[in-house]
> 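Please see the structure below; I have some questions.
Reckoned from all heavy atoms, side chains included, excluding hydrogens, waters and symmetry mates.
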Amino acid sequence: RERLPLQTEARETYSEHQASFADIYGRSAFAAKVREDLENQASVTWVSYLGFEGHESHDVATAYLKEGLYGGFLTFGVKGGSVTADKVVDNLKLANDLANLGDTKTLVIRPSGTAHGTTLKESAHNNSESEAASAMIRVSVGIETIDDIITDFRNALEQIHVE
């Protein structure tokens, strides 16, 4: 099973600087895999990840970032709006619903439930943008086993039963 080394394991092998690069590469690779899997889920309406060539800022990111280091953050939306997105987050077992994105654990947050979410709704120019913002889930991919992360999201999405 593919897993990043724990920080203590990494420090035994690498300097802290090298370990942090291993973490960044791993998170980027894991986030890309999560994005790919989410795009194949029937209840997911859209996925946004900087490492995806279709992302509006991908070319700029590629110009400024070392190739492949797009980070471990992504966002996605689900069918059924805000209530359904809340259910997805509630159904997650591995990922935690916390605001401190960037931890070593996989974390999620619903921006519509934060001060930033209010700004998203206010900046939405039409109903479809507002609906997309209300159904958004932000993910910070951690260093757990990638199969466990993907399975957690699949199981949470399967439980919502949207058409």
> Taking everything shown except Glu39 itself, do over 12 heavy atoms lie less than 6.0 Å from its CD?
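Yes, enclosed.
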
> How close do Arg110 and Asp97 get, counting heavy atoms only, and between which atoms?
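In terms of heavy atoms, the two residues are closest at N-OD1, 4.5 Å.
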
> Could you tell me which non-hydrogen atom of Ala31 sits nearest to which non-hydrogen atom of Gly72, and how far apart they are?
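Taking every non-hydrogen atom into account, CB-CA, 3.8 Å.
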
> To check you understand the geometry: which heavy-atom pair defines the closest contact between Ser28 and Gly71, and what is its length?
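Closest approach of Ser28 to Gly71, heavy atoms only: OG-N, 2.9 Å.
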
> For the side-chain contact (heavy atoms from CB on, under 4.5 Å) test, which of Ile109, Leu74, Val108 pairs with Arg138?
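Exactly one candidate clears the test, Ile109.
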
> For Val44 versus Leu38, what's the shortest heavy-atom pair and its separation?
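Closest approach of Val44 to Leu38: CB-O, 3.4 Å.
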
> When rounded to the nearest 0.5 angstrom, what is the spacing between NZ in Lys87 and CG in Leu92?
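CG of Leu92 is found 14.5 Å from NZ of Lys87.
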
> Run the numbers on Arg27 and Ser140 for side chain to side chain contact (heavy atoms under 4.5 Å, CB included), then give the verdict.
CA-CA 9 Å; Arg27 285 176 189 241; Ser140 171; 4.2 Å; yes

> Asp37 and Gln41: side-chain hydrogen bond (donor to acceptor under 3.5 Å, both in side chains), yes or no, with the steps?
CA-CA 7 Å; Asp37 192 74; Gln41 301 303 314; 3.3 Å; yes

> What distance separates Gln159 CD from Thr84 OG1, expressed to the nearest 0.5 Å?
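One finds 13.0 Å between CD of Gln159 and OG1 of Thr84.
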
> If we check side-chain contact (heavy atoms from CB on, under 4.5 Å) with Phe30, which of these qualifies: Ile150, Ile149, Ile143, Thr145?
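Single side-chain contact (heavy atoms from CB on, under 4.5 Å) partner of Phe30 among Ile150, Ile149, Ile143, Thr145: Ile149.
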
> Any sub-3.5 Å donor-acceptor pair from Lys33's side-chain atoms to Asp147's backbone N or O?
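Looks like no, no N/O pair under 3.5 Å.
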
> Where do Ala95 and Phe153 come nearest, in terms of heavy atoms and distance?
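Residues Ala95 and Phe153, closest heavy atoms: CB-CZ, 4.5 Å.
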
> Are Thr106 and Asp148 close enough that some pair of their side-chain heavy atoms sits under 4.5 Å apart?
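Counting from C-beta outward, Thr106 and Asp148 never come under 4.5 Å.
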
> For the residue pair Tyr49 and Phe73, what are the closest heavy atoms and their distance?
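Where Tyr49 meets Phe73 most closely, the heavy atoms are CD1-O, 3.2 Å.
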
> Under a 3.5 Å distance rule, please check whether Ser43 uses its side chain to pair with a backbone N or O of Val78 as donor and acceptor.
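The answer is no, because no donor-acceptor pair under 3.5 Å joins these two groups.
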
> Nearest 0.5 Å, what's the NZ-CG distance between Lys93 and Asp90?
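Taking NZ in Lys93 and CG in Asp90, the distance rounds to 9.0 Å.
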
> Any donor and acceptor pair, going by atom type alone, linking the side chain of Asp152 with main-chain N or O of Leu94 inside 3.5 Å?
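Between the backbone of Leu94 and the side chain of Asp152 there is a qualifying donor-acceptor contact (under 3.5 Å).
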
